[in-house]
Colleague: 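Once you've had a glance at the structure underneath, I'll fire off some questions.
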Amino acid sequence: MQKQIHLVSFLINSPINHTVLSWADKTDNRVKALGDLALWQDLAKTLERGMFDGMFFADTPGVFDRYKDRVDEAVRYGVCWPSHDPVVLLSALASATTHLGLATTMSTSAYHPWTIVRQLSTIDYLSGGRAGWNIVTGHLRNEHRALGLEQLEHDRRYDRADEYMDVCYKLWNSIGDGAILADKEAGIFADPTKVALVQHEGEFFRCNTVGPVLPSPQKRPVLFQAGSSGRGQQFALQHADVVFAIEANLAGMKRYATTFAAAAETAGVKAPGVSFGVQPIVGGTEAEAKAKLDALIERMPLDGALARLCGTMGVDFSTYELDRPLQEVATQASQGLMKAFTSILGDRPFTLRDVAIKWGLSVGMPQIVGSPEQVADQMEEIWRETGCLGFNVTPHVMPSSVSDFVDQVVPILQKRGIYRTEYAGTTFRENLGL
Ligand SMILES: Cc1cc2nc3c(=O)[nH]c(=O)nc-3n(C[C@H](O)[C@H](O)[C@H](O)COP(=O)(O)O)c2cc1C
């Protein structure tokens, strides 16, 4: 079978996905959707109609509080705040769909491994094997403040996450083959000799119990990871099935794919699939699409975009001049995002204003702007040139940007034979071809 593009929709359970103030568009339904499961379920059905591999929720629990060292701008403009819990949504989405993968971000700082295994394996069990987990270590300062925790230093968070995964694997493997009998006549539910006690005493975690959920169809959720610092990549190579990456342009994506493949070879492991973040802006014509992009930028309050930028970067840019070229700034918060940020600077000098606008649109993911044919062309080019698994497609105005893509771009990719016309597998992992 010819290799195919894989698509995951990149969402957030908040008033916006990534585009600051997109909720204020006349047609946008996201504020309503926060309290209306049917709207989320409709969206999931649209994505399934568009044969997406999955629906994926980013999550930054807490609030962006770095800009001017306050929360005001994030709260005023609803910049990923409130941050409703995406895990709670997944079972409702599972009940509305049959094939769609259902993935969410859960931070290793915010939950004990046992809690994540329990929640996500329950979703995997309920959904017939469609759960995914984006493993993040918690780069947002406020996540830690919300929980009354000290934010560990960048690499330490990854050390801790390695041990975290060790506990998860032990819990996922605790219930052996043939352990579950559910024998009504004998009154025996399971054979205790086949259920291993997890006894973990590590530097960061203790866990003394057995696996909390019946072995689910995938045994463990599909594991995603999105850190792209050296330490982040090392973590990804050890644990991830798929990595999410943000690069500002084709050259950056090619570089990323080559470097990552080389790192996998050096480490002697199979490279995880790479999914690049993109933000398609589709119009009937190129001019119409460009007008849509202009409208998104025009509506965006700059201080809202700065709140987003400063939050993810872990840097307060409020004292920087808006129209002076930016220099790279080192940060403990997110070296990977900083790399994406500097790659946006490109060859010509960019200013803080330029970068804030880019960030406010899509946290650095490139816009793919044009007619359906042009959008399909660009996605195909990236896919062919980089050998990536596919894309994290982030919508802007909801739900129109999702339905436009599904109704106008997907049929073109299908006609070219590079995108599925039906789901081949049953589980998320199978559909992703992993
Ligand atoms: C595409 C993408 C999606 C991400 N999604 C989240 C998220 O939902 N929540 C979060 O806390 N961090 C998220 N991050 C941040 C990373 O997971 C990572 O913690 C951060 O970039 C720091 O690691 P690094 O320095 O290795 O890149 C995302 C990063 C990327 C590139």
Side-chain angles (χ1 to χ4, degrees), residues 8-14 16-18 55-64 66 80-81 83-87 103-111 132-147 151-162 164 223-240 242-248 252-253 256 259-260 263 272-279 308 311-315 329-344 359 362-366 388-394:
V8 172
S9 184
F10 191 5
L11 306 159
I12 303 179
N13 191 5
S14 90
I16 61 171
N17 293 313
H18 292 96
M55 186 166 182
F56 157 67
F57 289 89
D59 190 34
T60 39
V63 61
F64 295 114
R66 287 281 193 173
C80 301
W81 181 88
S83 61
H84 283 201
D85 191 334
V87 185
T104 187
T105 300
M106 291 181 86
S107 162
T108 56
S109 294
Y111 306 88
W133 173 25
N134 179 33
I135 311 162
V136 300
T137 61
H139 73 279
L140 190 75
R141 179 179 70 178
N142 194 262
E143 173 181 326
H144 305 265
R145 288 187 162 186
L147 296 166
Q151 185 174 23
L152 290 181
E153 176 273 327
H154 180 271
D155 286 11
R156 256 332 247 164
R157 293 203 299 274
Y158 278 116
D159 295 342
R160 184 176 172 280
D162 274 330
Y164 197 103
L223 300 179
F224 297 92
Q225 208 271 335
S228 52
S229 61
R231 186 64 182 90
Q233 286 200 352
Q234 200 187 326
F235 180 87
L237 288 173
Q238 206 176 332
H239 303 288
V242 176
V243 291
F244 291 147
I246 294 181
E247 291 293 335
M253 292 177 192
Y256 180 98
T259 314
F260 195 58
V274 178
S275 182
F276 285 115
V278 291
Q279 185 174 53
R308 182 78 156 109
T312 43
M313 287 302 157
V315 175
V329 184
T331 171
Q332 277 299 326
S334 171
Q335 294 172 15
L337 289 172
M338 182 59 81
K339 248 198 278 172
F341 172 49
T342 47
S343 81
I344 293 178
W359 221 259
S362 59
V363 293
M365 286 177 267
C388 67
L389 181 73
F391 298 95
N392 258 10
V393 180
T394 193

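In listed order, ligands and their atoms are each counted from 1. In this text the structure is predicted, and so the values were computed from the model without any measurement.
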Colleague: Of all residues at least two apart in sequence or in a different chain, which pass the ring pair (Phe, Tyr, Trp, His ring centres under 6.0 Å) check with Y164?
Modeller: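 Residues passing ring pair (Phe, Tyr, Trp, His ring centres under 6.0 Å) with Y164: F205.
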Colleague: According to side-chain hydrogen bond (donor to acceptor under 3.5 Å, both in side chains), who are the partners of N142, at least two apart in sequence or on a separate chain?
Modeller: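 Applying side-chain hydrogen bond (donor to acceptor under 3.5 Å, both in side chains) to N142 gives D65.
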Colleague: May I ask whether S228 has any heavy atom positioned less than 4.0 angstrom from an atom of ligand 1?
Modeller: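 Per 4.0 Å heavy-atom rule, S228 contacts ligand 1.
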Colleague: Please work out, at 4.0 Å between heavy atoms, whether the side chain, the backbone, both, or neither of Q233 comes within that distance of ligand 1.
Modeller: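 The answer is neither.
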Colleague: Between T105 and N134, does any side-chain donor sit less than 3.5 Å from a side-chain acceptor?
Modeller: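 Present: a donor and an acceptor within the cut-off.
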Colleague: For G227, counting its heavy atoms only, list the atoms of ligand 1 lying under 4.0 Å from any of them.
Modeller: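 Reading through ligand 1 atom by atom, the close ones are 23 (O), 24 (P), 26 (O), 27 (O).
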Colleague: Taking 4.0 angstrom as the limit and counting only heavy atoms of A58, give me the atoms of ligand 1 inside it, by number and element.
Modeller: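 By the 4.0 Å cutoff, the relevant atoms are 8 (O).
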Colleague: Does R141 form a side-chain contact (heavy atoms from CB on, under 4.5 Å) with R66? I'd like the steps, not just the answer.
Modeller: CA-CA 8 Å; R141 179 179 70 178; R66 287 281 193 173; 3.4 Å; yes
Colleague: So do the side chains of Q225 and P272 get within less than 4.5 Å of each other, counting heavy atoms only?
Modeller: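 A side-chain contact is absent here, since even the closest heavy-atom pair is not under 4.5 Å.
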Colleague: Pairs of nitrogen or oxygen atoms closer than 3.5 Å, one from T105 and one from ligand 1: do any exist?
Modeller: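 Looking only at distances, the answer is yes, because the N/O contact criterion of under 3.5 Å is met.
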Colleague: Out of all atoms in ligand 1, which are within 4.0 Å of some heavy atom of F244? Include the element for each.
Modeller: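 The atoms of ligand 1 under 4.0 Å from a heavy atom of F244 are 1 (C).
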Colleague: Give the intermediate values and the outcome of side-chain contact (heavy atoms from CB on, under 4.5 Å) for residues V136 and S107.
Modeller: CA-CA 5 Å; V136 300; S107 162; 3.8 Å; yes
Colleague: Measuring from atom 31 (C) of ligand 1, which candidate in P61, A226, G232 has the nearest non-hydrogen atom?
Modeller: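 Shortest heavy-atom distance from atom 31 (C) of ligand 1: A226.
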Colleague: Of all the atoms in ligand 1, which lie at a distance below 4.0 Å from a heavy atom belonging to H154?
Modeller: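 Going through ligand 1 atom by atom, the ones under 4.0 Å from H154 are 23 (O), 24 (P), 25 (O), 26 (O).
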Colleague: F235 near ligand 1, heavy-atom distance under 4.0 Å?
Modeller: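 No, that is not the case, since the closest heavy atom of the residue is not under 4.0 Å from the ligand.
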Colleague: Checking contacts here: is it the side chain or the backbone of Y158 that comes within 4.0 Å of ligand 1, counting heavy atoms only? Could be both or neither.
Modeller: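 It is the side chain that gets close, since no backbone atom is under 4.0 Å.
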Colleague: For I246, counting its heavy atoms only, list the atoms of ligand 1 lying under 4.0 Å from any of them.
Modeller: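 Contacts of ligand 1 toward I246, numbered from 1: 1 (C), 31 (C).
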Colleague: Are F57 and ligand 1 in contact, using a heavy-atom cut-off of under 4.0 Å?
Modeller: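 For ligand 1, residue contact (heavy atoms, under 4.0 Å) with F57 is absent.
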Colleague: Taking non-hydrogen atoms only, is T312 closer than 4.0 angstrom to ligand 1 via side chain, backbone, both or neither?
Modeller: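 Neither part.
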Colleague: Starting at CD of Q234, measure out to CG of D155 and round the result to the nearest 0.5 Å.
Modeller: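 CG of D155 is found 8.5 Å from CD of Q234.
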Colleague: When you measure from the side chain of S275 to the backbone of F244, do you find a donor-acceptor pair of N or O atoms at a distance under 3.5 Å?
Modeller: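 It does not hold such a pair.
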Colleague: Any idea which atoms of ligand 1 are less than 4.0 Å away from a heavy-atom of S229?
Modeller: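 So the answer, numbered in order with elements, is 24 (P), 25 (O), 26 (O), 27 (O).
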Colleague: Hey, does the side chain of T104 reach the backbone of A58 with a donor-acceptor pair shorter than 3.5 angstrom?
Modeller: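 No, the answer is negative, given that no donor and acceptor are paired below the 3.5 Å cut-off.
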Colleague: Considering the heavy atoms of N134, write down every atom of ligand 1 situated less than 4.0 Å from one of them.
Modeller: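 It comes down to these atoms of ligand 1: 5 (N).
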Colleague: Do D59 and N13 touch side chain to side chain, with heavy atoms closer than 4.5 Å?
Modeller: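 In short, these two side chains do not touch, never coming nearer than 4.5 Å.
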Colleague: Look at ligand 1 and say whether D59 reaches it with a heavy atom at a distance under 4.0 Å.
Modeller: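 Yes, that is the case, since the closest heavy atom of the residue is under 4.0 Å from the ligand.
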